[in-house]
Protein chains: 2
Amino acid sequence: MGITERKEREREEMRHLILQAAQKLFLENGFEKTSIRSIADAIEYSPATIYLYFKDKNELFLALHILAFEKMMVEFAVVATIADPFERLVALGRQYIKFAIENPELYDLMFLMQAPMEALACRDEVWEDGMKSFDFLRLILTECMDKGIFRNDLELDSTCLTVWSYMHGLVTIYLKKRMDMFEDGQQMQRMEESFRIFIEMLKASFK
Amino acid sequence: MGITERKEREREEMRHLILQAAQKLFLENGFEKTSIRSIADAIEYSPATIYLYFKDKNELFLALHILAFEKMMVEFAVVATIADPFERLVALGRQYIKFAIENPELYDLMFLMQAPMEALACRDEVWEDGMKSFDFLRLILTECMDKGIFRNDLELDSTCLTVWSYMHGLVTIYLKKRMDMFEDGQQMQRMEESFRIFIEMLKASFK
DNA sequence: TGTTTTTACTAAACACTGTTTAGTATATTT
DNA sequence: AAATATACTAAACAGTGTTTAGTAAAAACA
């Protein structure tokens, strides 16, 4: 009998429906204005129904967080075609900035909000999405080191952390409106120039 | 007649009382659990009273944000005694990490939360506190460049932004629990190692 | 001094929020 | 056909930021 299968399918469809509505509201109005009630309204169900498919708001945000990482990884994939690992690293950096600026709410959810991390902590799970993207960077840096572009006496993971920290800091300062020391119209150029300086620093630090 | 003076003094005292209670609750329970009502309870006044002294919660958070910057600048002052500008820069970096780790809620308020920036935007004011601390970094980097430690063909402000971005990114990744790719006990060592790598990069990038 | 005006404050309400509970139709199984 | 399980919801609970209308006390004015 296929009833249990159909029920499981229907359950999955409902989860998908909730998630799609949540994502839409999230991207349109920001996460502060996305309430359980507004999601329920959008799909024409009662707020209580959402709790039959997600334990709480953290779980819902974790699901959105996973979708966001999928989106980012798809956008990152375009750099894979670049043969030279250092050029690939630079291209990845530009993609990272691009993604953050074009998806500020998603970036927040992925790297700043505590909601998804709390959901993971409740489940005793590790941050798989974060680790996967960290691996993506690690692979590129490994190639750079192997090709002798970088000095390889530096610990790989800590070097990855250094690169990511810079990128994360740069876009976070921008997204969180902490770039007021530069005129409004020049903030993007400043980011560009800072990025070039960092790339120069990376290059220069490896004979 | 000194009545208006006394009234002004009393008004200032009340603002201070509210701010002290707010800061206490903020540091003890985090900003998410610090409500206008809980502050009102703590000082034994009605919630509506707080609105006679602060326009809204953003204004209240802006006031706390200013106090937080004062605290940070006091802690930064200790590096001023270091003669060598590069050593001073390294010491400032360590102070920055120390401050962020010891005052995670304050760091959030200063560099991530939108509340204080919204209050500033309402008032049409610039982010003076941020600019002052940026100047502090700029001064040190200027000295480094003057003494020939750094190449000085790089734009000063963009170089400052690069250094700050790295520091900000590093501590934010840590504070926002995004360092799960490293075991719990080794996260501090990883930060230390990354910091050393960044310092090496800075050194190496200037002949 | 007595009267009017201003000041300081609050109770209560408004419109929200996440979440839980108890109950109701419908679908499935026995 | 009766019993059980499923899917869903109305209503409530305990919060949130904020506003409004009203009240005592203080200050200013006559």
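Naming: A, B, ... by sequence-line order, numbering from 1 per chain.
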Taking the ring centre of each residue, are B:Trp127 and B:Phe134 less than 6.0 Å apart?
no

Quick check: closest heavy atoms across B:Phe182 and A:Leu161, and the distance to 0.1 Å?
CE1-CD2, 4.0 Å

Just how far, in rounded Å, is P of D:dG15 from CG of B:Asn29?
14 Å

Under the side-chain hydrogen bond (donor to acceptor under 3.5 Å, both in side chains) test, residues paired with B:Tyr107 that sit two or more places apart:
B:Tyr96, B:His168

D:dT16 C1' sits how many Å from B:Leu25 CG, rounded?
15 Å

Value in whole Å for how far the P atom of C:dC9 lies from CD1 of B:Ile18:
9 Å

Can you tell me the distance, in whole Å, between the CD1 atom of A:Ile36 and the P atom of C:dG18?
5 Å

Closer to the 5' end of DNA chain C via nearest nucleotide, is it A:Ser35 or A:Lys55?
A:Ser35

With distance as the sole test, does B:Glu183 use its side chain to make a donor-acceptor pair with the main-chain N or O of B:Gly185 at under 3.5 Å?
no

Answer yes or no: is there a donor N or O on one side and an acceptor on the other, between the side chain of A:Arg88 and the main chain of A:Ala83, under 3.5 Å?
yes

Whole angstrom value for the distance that separates P of C:dC16 from NZ of A:Lys33
13 Å

Once you round it to whole Å, what is the distance between C1' of D:dT16 and NZ of A:Lys57?
12 Å

Sugar-phosphate or base contact per nucleotide [nucleotides 4-11 of chain D; S, B, -; heavy atom under 4.0 Å]
--SSBBB-

What about the rings of B:Phe69 and B:Phe111, do their centers lie closer together than 6.0 Å?
yes

A:Met179 and A:Gln186: CA distance, side-chain angles, deciding distance, side-chain contact (heavy atoms from CB on, under 4.5 Å) verdict
CA-CA 10 Å; A:Met179 269 184 91; A:Gln186 296 200 320; over 6 Å; no

Expected output is a numbered-order residue list: members of residues 104-121 of chain B with a heavy atom under 4.0 Å from any atom of DNA chain C. What is it?
none

Nucleotide C:dC9, atom C1' - distance to CD1 of B:Ile43 in whole Å:
12 Å

Would you mind checking if A:Glu192 and A:Arg196 are paired as a salt bridge, meaning a charged N to carboxylate O distance below 4.0 Å?
yes

Between A:Tyr45 and A:Tyr53, is the ring centroid distance below 6.0 Å?
no

Length of the CD-P vector between A:Glu59 and C:dG18, whole Å:
16 Å

